[in-house]
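In what follows, a single structure is set out as structure tokens and then discussed.
Note that the coordinates shown come from a computational prediction; the quantities given were computed from them, not determined experimentally. Every chain is numbered from 1, with letters handed out A, B, ... down the list of sequences.
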Amino acid sequence: MKKRSRISPKSVRKNDDQEKSTASKAFIEGLAEIFPIDRLLTEPAQLIPYESDALTAHQGRPLAVVVPESAEEVIQSVRLCHHHRIPFTARGSGTSLSGGAMPVDGGLLIAMNRLNRILHIDPLDRIAIVEPGVINIAVSQVAAQYGLYYAPDPASQVISTIGGNLAFNAGGVHCLKNGMTSNHILGLQVVLPDGEVVELGGESLESISPDLVGLFVGSEGLFGIALQATLRLIPRPESYKTVLAAYNSLENAGRAVGRIIGAGLLPGALEIMDHLAIVAAEAAVHPGYPDQAAILIVELEGDQQQVSYEFERLMDVIQGSEPDEVHIAQDEAERLRIWKGRKSAFAAVGRLSPEYLVNDGVVPRSRLGAALAEIERLAQQHGLRVANVFHAGDGNLHPLILFDGRNPGELERARLISGEILKLCIQFGGSITGEHGIGIEKLDYLPKMYNPVDMDVMQQLRCSIDPFELANRGKMLPVQAERGVQ
Amino acid sequence: MTAEIIRPVTLNELQEMVSTAEGKLLPRGQGSKPALSAPPEGVKSLALDAISGLLEYNPSEFTFTALAGTPVEDIERALDEHDQYLPFDPLFVQAGATLGGTVAANANGPGRYRYGGVRDFILGIRYVNGEGQTVQAGGKVVKNAAGFDLSKLMVGSRGGLAALYALTFKVFPKPEASITLQKSSADFSETIAWMQQAANTRLEPVSLEIAAHGDQYTLLVRLAGLKQALQDRSQRLIDTLGCDWERTEGLEEELLWKSAREMEWAPASWNLIKVPITPSRIPNFEMSLQRFLENISKARQSSVTILRHYGAGGQIAWLAFEEAILPDLEDLLISQNLAGLSIRWSRSQHIFPGKLQLGKTNGDEFLRRVKSALDPAFRFWYA
């Protein structure tokens, strides 16, 4: 549930009293020609629910919110924005953890949820053609009848939309083997920031030209809005074997991961949760987690024979890692219960603390131990608790920095810890974001990861496609005008 | 006609040469995909084969970084020592394919069916742009959502956007063993039906290919993984699909796929075209090809042959032929809403070199804007 307790002093809002200028009036009138009154929201009370996404410490006040029901309405909205030079943001379910769906102050918010049709499923070609407002999990639910599924499984998948997933290249717990959203998008129909509609990619897995779809996915809304996506479907694994191993230290859990990988196994998922995260998850959804320092969840997937032999090898490795407890999921219900705990971890820590910041850095897997030790040291140094949940197989950390904003200075200390973690990830040769994207949250850190030449190339690319910087302005890259560039 | 060749040996030379050379440039590796390395009149060849070497390899991280001109063969040898590999089976490795050329050509082999292609394993790049600057994108870790994904953009870019300098890739553990089952038929629709059945078993083959030579169609199914499980799995496949499968294992099986990755079924002097396609379109395409061959043979009063190979479970069609029929073939592809990329041209072409891209691909307008940002002076030639 979004927290609306207080406006943070560091929020991006410019003025609380907005005088609608003549230009804005003309813009709203233009919108009124596209949308009926019930799908064009302009009253402050109507706009409040859209002001923030899952990065609740920041809000933006849009000029208006529109709720299109067709691609044509989206296109017309973008064209109107271009004509009036009004920035715009597309929003799915608003679950972005980096501020990606937060509206631009004085801009247009385009709520995409009603473009929610699954247009076509082709089980032979293994594709699904969907509108961007389709909920992630709905694709797999419909594909199931053909023995297929849509692999990218961010923890938000029961609410988040395909459009949001592809704007930010959403990940999930199965990225090591299956990749991220980008690896499962074959084609897109997109409206560019100037209103031009283009087709990218196609229906084949193969292509003979530069990977424009790959460039668009993860571009954080800066290249326009996807109106339609062709998704890759893959066969559902016949068999899963899910094992939960508990350890008396994070180090031991981490070492087990190294051994599993070293044994030549490629599990579908490898996740670790520390004690604080375990306690939170247990209190929230009762998955039956052992009360230990760390748990490791390993999941094998594939055909029955392959998995059964791999499982033997896995158990040898796990037993050799000296766990305190080992639980093997006996059936699908148990398997889902184990995952429920992990997938609700973020929400679960909300019970331990009124607020938290979640980090999304990546370090090379061999540096996980060192990174966790440093995070612990930072937590102690600044007097805050940090719960750790992470994708051990790919080095993607999710330290959850717990704080109470009512206590003076705690938000600042939380931000400090977060910043130090990001710097650490860069130092270790990793990344500042594994799957949540830059959004507004990590704007200041992208230039720490890439040098001025690299940043300049990204700016030039952005401006070539969107000279007026209207598309999701303020996210991922600073606006040129603010940088003093003409 | 021979193009002028510029051949830098170091990064500094590469930067210097790119920024000072006059006219347009077309990067190339070893030329294992000759049509992609053949610059048109007036365009200089930028040979990157001397920019070679494995820079970093962390087996425990499952990543490596290598210079663009590094022969894939060298990389695969290094990976093999740690029981790791590139699952997408890069092509023309014996012919000297480089890592950069593999990326620029999006040269995926049979293994791409199970785990994906170049785009699914590339993590980061450093490239030299038209101004001679070195630009970095992506990173060295397997998960990274920071910044624009220029690494993916470069896949299939054919040297038209930049000169690739260094590339970081993800790798997988090599399967312990593999087994291949083959079955032939004179009936194409029967072979396609088997392919679908094989795809729909839950056995997750790593490769699924149809070779179409003359009147024979052969389905090849490759299973890979733990040695212990292979016999059970292959038996299960046979039980599902019926009998008369030829089994190949061991060294012979390895060589079979090595040969497939070299496209040895296609004579080296013939045209070779890559056509992205989907399984549902293959029956119609095959029929149209038959008709096309009948008509064109009649018109030429001599028998025209096109060898076909349908790869990656029906996601790609490879066409090999000797005669100078590119324009007619392009018409056929366009009528089928398909496009093709020339990998090799035969010397029989009336106009040599032939046409690089047959038909149209999506996204031209978007690509134009991307290129104008990344290569504003249009230093790199793109067809």
Side-chain angles (χ1 to χ4, degrees), chain A residues 122 124-125 168-169 171 175 179 182-183 196 198-212 214-215 217-219 235 238 258 264 266 302-303 305-306 309-310 362 364-366 394-396 429-438 446 449-450 453-454 457-458 460-461 464-465, chain B residues 58 60-61 83 106 108 116-117 119-120 133 135-137 139-150 152-157 161 172-173 196 200 202-204 225-226 228-229 232-233 236 274 276-280 312 315-316 339 341 357 361-363 365-367 369-370 372-374:
Chain A
D122 190 324
L124 183 59
D125 290 348
F168 281 76
N169 198 12
C175 293
S182 193
N183 306 103
E196 176 150 3
V198 295
E199 305 274 342
L200 307 177
E203 294 181 358
S204 175
L205 288 180
E206 272 292 339
S207 86
I208 55 171
S209 52
D211 189 359
L212 300 173
L215 177 66
V217 176
S219 58
E238 176 177 55
L266 191 67
D303 65 65
Q305 286 84 357
Q306 174 81 357
Y309 284 107
E310 279 186 350
V362 185
R365 217 176 358 82
S366 59
D394 53 42
N396 189 189
S431 172
I432 56 179
T433 175
E435 55 193 1
H436 299 169
I438 303 295
L446 194 60
M449 192 169 157
Y450 295 108
V453 171
D454 306 333
V457 167
M458 286 196 255
Q460 282 173 40
L461 184 53
S464 170
I465 292 157
Chain B
N58 301 302
S60 65
E61 296 298 332
D83 291 321
N106 189 23
N108 301 307
R119 73 186 301 269
D120 301 300
Q133 296 172 304
V135 182
Q136 178 160 330
K140 294 194 171 167
V141 282
V142 300
K143 215 160 160 193
N144 182 10
F148 294 133
D149 201 343
L150 296 179
K152 287 215 177 55
L153 175 68
M154 294 303 174
V155 178
S157 61
L161 296 175
F172 272 177
Q196 291 320 318
N200 293 336
R202 312 297 283 282
L203 289 161
E204 298 177 9
L226 291 183
Q228 289 171 291
D232 288 346
R233 293 166 74 206
R236 200 176 138 188
K274 166 179 167 171
I277 198 167
T278 57
S280 65
Q315 296 285 341
I316 179 162
L341 183 69
Q357 182 175 311
T361 53
N362 272 339
E365 172 51 33
F366 191 64
L367 180 59
R369 300 189 200 195
V370 167
S372 70
L374 298 187

Quiz item: Closest approach of B:Ser280 and A:Asp125, non-hydrogen atoms and distance?
Solution: OG-OD2, 2.6 Å
Quiz item: Looking only at heavy atoms, what is the nearest atom pair of B:Gly147 and A:Met458, with distance?
Solution: CA-SD, 3.6 Å
Nearest 0.5 Å, please: how far is [atom2] in [Y] from [atom1] in [X]?
{"X": "A:Leu200", "Y": "B:Thr361", "atom1": "CG", "atom2": "OG1", "value": "10.5 Å"}
{"X": "B:Leu374", "Y": "A:Leu215", "atom1": "CG", "atom2": "CG", "value": "8.0 Å"}
{"X": "B:Lys274", "Y": "A:Ser207", "atom1": "NZ", "atom2": "OG", "value": "6.5 Å"}
{"X": "A:Leu205", "Y": "B:Ile316", "atom1": "CG", "atom2": "CD1", "value": "10.0 Å"}
{"X": "B:Leu341", "Y": "A:Ser209", "atom1": "CG", "atom2": "OG", "value": "9.0 Å"}
{"X": "B:Glu204", "Y": "A:Gln306", "atom1": "CD", "atom2": "CD", "value": "8.5 Å"}

Structural part of [X] lying under 4.5 Å from a heavy atom of chain B:
{"X": "A:Ile465", "result": "both"}
{"X": "A:Ile432", "result": "side chain"}
{"X": "A:Asp394", "result": "both"}
{"X": "A:Tyr450", "result": "side chain"}

Looking at side-chain heavy atoms only, is the closest gap between [X] and [Y] below 4.5 Å?
{"X": "A:Ser366", "Y": "B:Glu61", "answer": "yes"}
{"X": "A:Ile208", "Y": "B:Asn106", "answer": "no"}
{"X": "A:Asn169", "Y": "B:Lys143", "answer": "no"}
{"X": "B:Asn144", "Y": "A:Val362", "answer": "no"}
{"X": "A:Gln305", "Y": "B:Leu226", "answer": "no"}

Quiz item: Is the closest basic N to carboxylate O distance between B:Arg233 and A:Glu238 below 4.0 Å?
Solution: no
Quiz prompt | Trace of the side-chain contact (heavy atoms from CB on, under 4.5 Å) decision for B:Val135 with A:Asp454 | solution = CA-CA 5 Å; B:Val135 182; A:Asp454 306 333; 3.7 Å; yes
Self-check item: Those residues that, when tested against B:Arg369, pass side-chain hydrogen bond (donor to acceptor under 3.5 Å, both in side chains) (two or more places apart)
Solution: A:Asp194, A:Glu196, B:Glu365
Quiz prompt | N/O donor-acceptor pair under 3.5 Å between A:Ser204 side chain and B:Gln315 backbone | solution = yes
Quiz item: Which atoms of B:Phe172 come close to chain A, meaning under 4.5 Å heavy atom to heavy atom: side chain ones, backbone ones, both, or neither?
Solution: side chain
